[in-house]
S.K.: 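Structure provided below as structure tokens; questions to follow.
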Amino acid sequence: QVQLVESGGGLVQAGDSLRLSCAASARTFSPYAMGWFRQAPGKEREFVAAITWSGGSTYYSDSVKGRFTISRDNAKITLYLQMNTLKPEDTAVYYCASTRRFATITVTGYDYWGQGTQVTVSS
């Protein structure tokens, strides 16, 4: 069964850190590229970060570059997003996704999605 389950979200203050995790089933993790997206109320889902199957290449949106780090542990079939120096504008539901194709920044490029985890950053 296709399964991606995010965890680690919560309510934090500006400047704090959070680490999101995405537990996957083997079917949705290997040998797929993975990504993180987010969606704020009233806005479209947007790209945050992506990582290739090997973890050798990573990609970030300009808004999170230098603050967020995407990583994966293929042995644990888990994807991570370390978020530092959080800002109120980072408030959103965060989704992980996997793709059988190459790592991409587009929503339509991903085949499987989790249900999301809420991140709220207060000022």
Side-chain angles (χ1 to χ4, degrees):
Q1 184 175 353
V2 172
Q3 186 173 24
L4 293 170
V5 180
E6 303 93 338
S7 62
L11 172 62
V12 296
Q13 294 186 332
D16 286 350
S17 299
L18 275 177
R19 188 175 82 155
L20 304 184
S21 299
C22 174
S25 63
R27 181 179 170 185
T28 58
F29 196 80
S30 171
Y32 297 170
M34 304 286 293
W36 285 100
F37 288 75
R38 66 187 182 186
Q39 188 166 18
K43 295 187 177 181
E44 294 186 351
R45 192 168 297 188
E46 66 173 5
F47 170 75
V48 174
I51 188 168
T52 55
W53 156 244
S54 68
S57 295
T58 56
Y59 309 90
Y60 297 94
S61 67
D62 288 342
S63 62
V64 308
K65 195 173 298 182
R67 299 188 297 123
F68 291 11
T69 303
I70 188 172
S71 63
R72 66 190 296 163
D73 186 331
N74 289 347
K76 296 182 178 179
I77 55 174
T78 302
L79 177 73
Y80 302 100
L81 184 67
Q82 178 66 43
M83 306 186 294
N84 297 329
T85 319
L86 282 161
K87 304 176 180 179
E89 51 263 44
D90 294 319
T91 295
V93 177
Y94 284 71
Y95 299 89
C96 69
S98 65
T99 176
R100 291 166 288 186
R101 293 157 284 179
F102 49 85
T104 177
I105 68 172
T106 62
V107 171
T108 56
Y110 288 82
D111 304 300
Y112 304 109
W113 293 84
Q115 293 301 305
T117 185
Q118 177 70 47
V119 172
T120 303
V121 185
S122 64
S123 58

S.K.: Please check if atom CD1 in Ile77 has more than 12 non-hydrogen atoms from other residues, nucleotides or ligands closer than 6.0 Å.
M.R.: yes
S.K.: Which pair of non-hydrogen atoms, one from Pro88 and one from Ser123, has the smallest distance, and what is that distance?
M.R.: CG-CB, 3.8 Å
S.K.: Pick one: which of Phe102, Phe37, Tyr95 meets ring pair (Phe, Tyr, Trp, His ring centres under 6.0 Å) with Tyr110?
M.R.: Phe37
S.K.: Examine distances only and state if a side-chain atom of Trp53 and a backbone atom of Ala103 form a donor-acceptor pair shorter than 3.5 Å.
M.R.: no
S.K.: For the residue pair Thr91 and Arg38, establish whether any side-chain heavy-atom pair is separated by less than 4.5 Å.
M.R.: no
S.K.: Can you name the nearest heavy-atom pair linking Thr85 to Asp90, along with the distance?
M.R.: O-OD2, 4.4 Å
S.K.: Please find the pair of heavy atoms, one from Ala33 and one from Arg101, that lie closest to each other, and give the distance.
M.R.: CB-O, 4.0 Å
S.K.: Counting C-beta onward and ignoring hydrogens, is there a side-chain heavy-atom pair between Ser61 and Phe68 closer than 4.5 Å?
M.R.: no
S.K.: Flag yes if Tyr80 and Val48 sit in one hydrophobic cluster, no otherwise; membership is Ile, Leu, Val, Met, Phe, Trp, Tyr, and two members link when side-chain heavy atoms are under 4.5 Å apart.
M.R.: no
S.K.: Report yes if some heavy atom in the side chain of Arg45 is under 4.5 Å from a heavy atom in the side chain of Trp113; otherwise report no.
M.R.: yes
S.K.: Parallel, tilted or perpendicular: which one describes the rings of Tyr112 and Tyr32, with boundaries at 30° and 60°?
M.R.: parallel
S.K.: What's the separation between atom CG in Leu20 and atom CD in Gln82, rounded to the nearest 0.5 Å?
M.R.: 9.0 Å
S.K.: Enumerate the residue pairs fulfilling side chain to side chain donor-acceptor pair (under 3.5 Å) with a member in residues 5-21, sequence neighbours excluded, ordered by first and then second residue.
M.R.: Ser17-Asn84
S.K.: Is there a chain of hydrophobic side chains (I, L, V, M, F, W, Y, each step under 4.5 Å between heavy atoms) that links Val12 to Val64?
M.R.: yes
S.K.: What are the two closest heavy atoms between Leu86 and Arg67, and how far apart are they?
M.R.: CA-NH1, 3.9 Å
S.K.: Quick one, Met34 and Leu4 - any side-chain contact, counting heavy atoms below 4.5 Å?
M.R.: yes
S.K.: Quick one: closest heavy-atom pair of Tyr60 and Ile70, and the distance?
M.R.: OH-N, 2.9 Å
S.K.: Search all heavy atoms of Thr52 against all heavy atoms of Arg72 and return the closest pair with its distance.
M.R.: O-NH1, 3.0 Å
S.K.: Please check if the distance between the ring centroids of Tyr59 and Phe47 is under 6.0 Å.
M.R.: no
